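Worth saying up front: this structure is predicted, and the values here are computed from it rather than measured. Lettering of chains follows the sequences in order, A, B, ..., and the numbering in each one begins at 1.
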Protein chains: 2
Amino acid sequence: MGTVVPVTRPDEPLSRAQRRAQTAERILSAARALFTESGYDRTTIRAVAAEAGVDPALVMQHFGTKDELFRRAITVSSEEAMGGGEEKLVELLLGILGVKLGEVSGTSLALLRSMLTYPEAAEQVRAANTRQLEQISGAIGGDDAELRAALTVSTLLGITIGRHLLGLDQLRTAGTDHIAEVMKPCLEALTGRQPPP
Amino acid sequence: MGTVVPVTRPDEPLSRAQRRAQTAERILSAARALFTESGYDRTTIRAVAAEAGVDPALVMQHFGTKDELFRRAITVSSEEAMGGGEEKLVELLLGILGVKLGEVSGTSLALLRSMLTYPEAAEQVRAANTRQLEQISGAIGGDDAELRAALTVSTLLGITIGRHLLGLDQLRTAGTDHIAEVMKPCLEALTGRQPPP
DNA sequence: GTCTATAAGCAGATAGAC
DNA sequence: GTCTATCTGCTTATAGAC
């Protein structure tokens, strides 16, 4: 169906299609780094091209528009998509906390950096949060479940922002385990059923 | 010392200086609204002028640069500056929570909207957070005080973002009191002394 | 004192040379 | 197939007419 690339030069190590795919990947990687650092508006096609060591026109050739470049840069292959399983409450939360505090995939940070000023990024973050929220809400149960889930997600979001995007010293220098340990009772209080007044 | 404005026209209700100050205030108000809505980069001098019903050149005449306009727009008169007193821990926290969840002064939201993409805004937010953090840290005491305080501030920040800037439904529709009620045990767990293992 | 007109620069996107 | 050169539009900021 036209996907087969005939090898015209057996001594050439990589086909043109392969080289092209490699270049696209390098551009995406550069774009991810710059979007993470400066956000959507302040990241220029020219800067991405320079970072990737290619011509600006080549970036347009590959992705058409800056918008599409961003979309591709913040789209995960299919793996993470926020710890997908059916785990149980606290483990789920600490999992999210671990993921968000640990490496925090480059795609996530690139997305979060622009969420307050680039409407499409905001929409994606809302969607991701809604998915997390439904998982947590279902695990909590009760009247306040949705509110509690929303507060939990927002709390984790705030810590991620403080640590990775704002760079608050006390959060940058603390270890992941330490933070998780301190946050655990807090998250339990937030997700546990409230005692009767 | 030249500050006295002689009244040349007794029948004129306002002096020129007064009218000028009024116009400046209207420009600042318009700027605050647009900075809050769209952030620093996407807010143009032209749009601010249009919103205030004045000429773009007049905005420059008053504030010189866009940078200075932003600085003036997010500078509070002197009052709030984050509930300044010497209150006691939980009350302090709920106070901050109340302030952040309630009206959240326009200046604060304008500042928060740009904190991830406009370096000067980020610096201001870090500074404000540090002040809060020191208050809370002092009230907590103990080894983890600073970390706990940082996590507390980040938590409140996350909720403010989710509610007012991202517009998460579950947080927008919930009442301030309800949120405070649900968050109280969580904040107590975060700021209370940890039980010995 | 206020606004028209314009300068100067940079963005994303396009067309055509090689 | 890749890059040079350019187009078009929009920004902040300035200079000068009224």
Visitor: For the pair made of CD in B:Gln22 and P in C:dT2, what is the distance, rounded to whole Å?
Guide: 13 Å

Visitor: Are the side chains of B:Gln22 and B:Gln18 in contact, using a 4.5 Å heavy-atom criterion?
Guide: no

Visitor: Which label fits A:Tyr40 and A:Tyr118: parallel for a plane angle under 30°, tilted from 30 to 60°, or perpendicular past 60°?
Guide: parallel

Visitor: Is any side-chain heavy atom of B:Thr176 less than 4.5 Å from a side-chain heavy atom of B:Arg163?
Guide: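 In short, these two side chains touch, coming nearer than 4.5 Å.
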
Visitor: What integer distance in Å separates B:Arg19:CZ from C:dT2:C1'?
Guide: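 Rounded to whole Å, this separation is 12 Å.
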
Visitor: Let me know the distance between NZ of A:Lys66 and C1' of D:dC10, rounded to the nearest Å.
Guide: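 Computing the A:Lys66:NZ to D:dC10:C1' distance gives 13 Å.
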
Visitor: Please state how far atom CD in B:Gln61 lies from atom P in D:dA15, giving the value in whole angstrom units.
Guide: 12 Å

Visitor: Report the distance from atom NE2 of B:His62 to atom C1' of D:dT14, rounded to the nearest whole Å.
Guide: 17 Å

Visitor: For DNA chain C, which residues in residues 37-56 of chain A have a heavy atom at a distance below 4.0 Å?
Guide: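 Nucleic-acid contacts, sorted: A:Thr43, A:Thr44, A:Ile45, A:Arg46.
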
Visitor: At less than 4.0 Å, is any side-chain N or O atom of A:Arg20 found next to OP1 or OP2 of D:dT2? Yes or no.
Guide: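 True: A:Arg20 side-chain N/O within range (under 4.0 Å) of D:dT2 OP1/OP2.
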
Visitor: With respect to the side chain of A:Met60, which nucleotide from D:dT4, D:dA13, C:dA13 is positioned closest?
Guide: C:dA13

Visitor: Atom CZ of A:Phe63 and atom P of C:dA13: how far apart are they, to the nearest Å?
Guide: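 Whole-Å distance recorded here is 13 Å.
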
Visitor: Using a 4.5 Å cut-off on heavy atoms from C-beta on, say whether the side chain of A:Leu151 contacts that of B:Leu171.
Guide: yes

Visitor: Return the nearest nucleotide to the side chain of B:Leu58; candidates are C:dT14, D:dT2, C:dC3.
Guide: C:dC3

Visitor: Quick one, A:Glu146 and A:Ile140 - any side-chain contact, counting heavy atoms below 4.5 Å?
Guide: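 No - every pair of side-chain heavy atoms lies 4.5 Å or more apart.
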
Visitor: Answer yes or no: is there a side-chain heavy-atom contact under 4.5 Å between A:Asp41 and B:Thr117?
Guide: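 A side-chain contact is absent here, since even the closest heavy-atom pair is not under 4.5 Å.
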
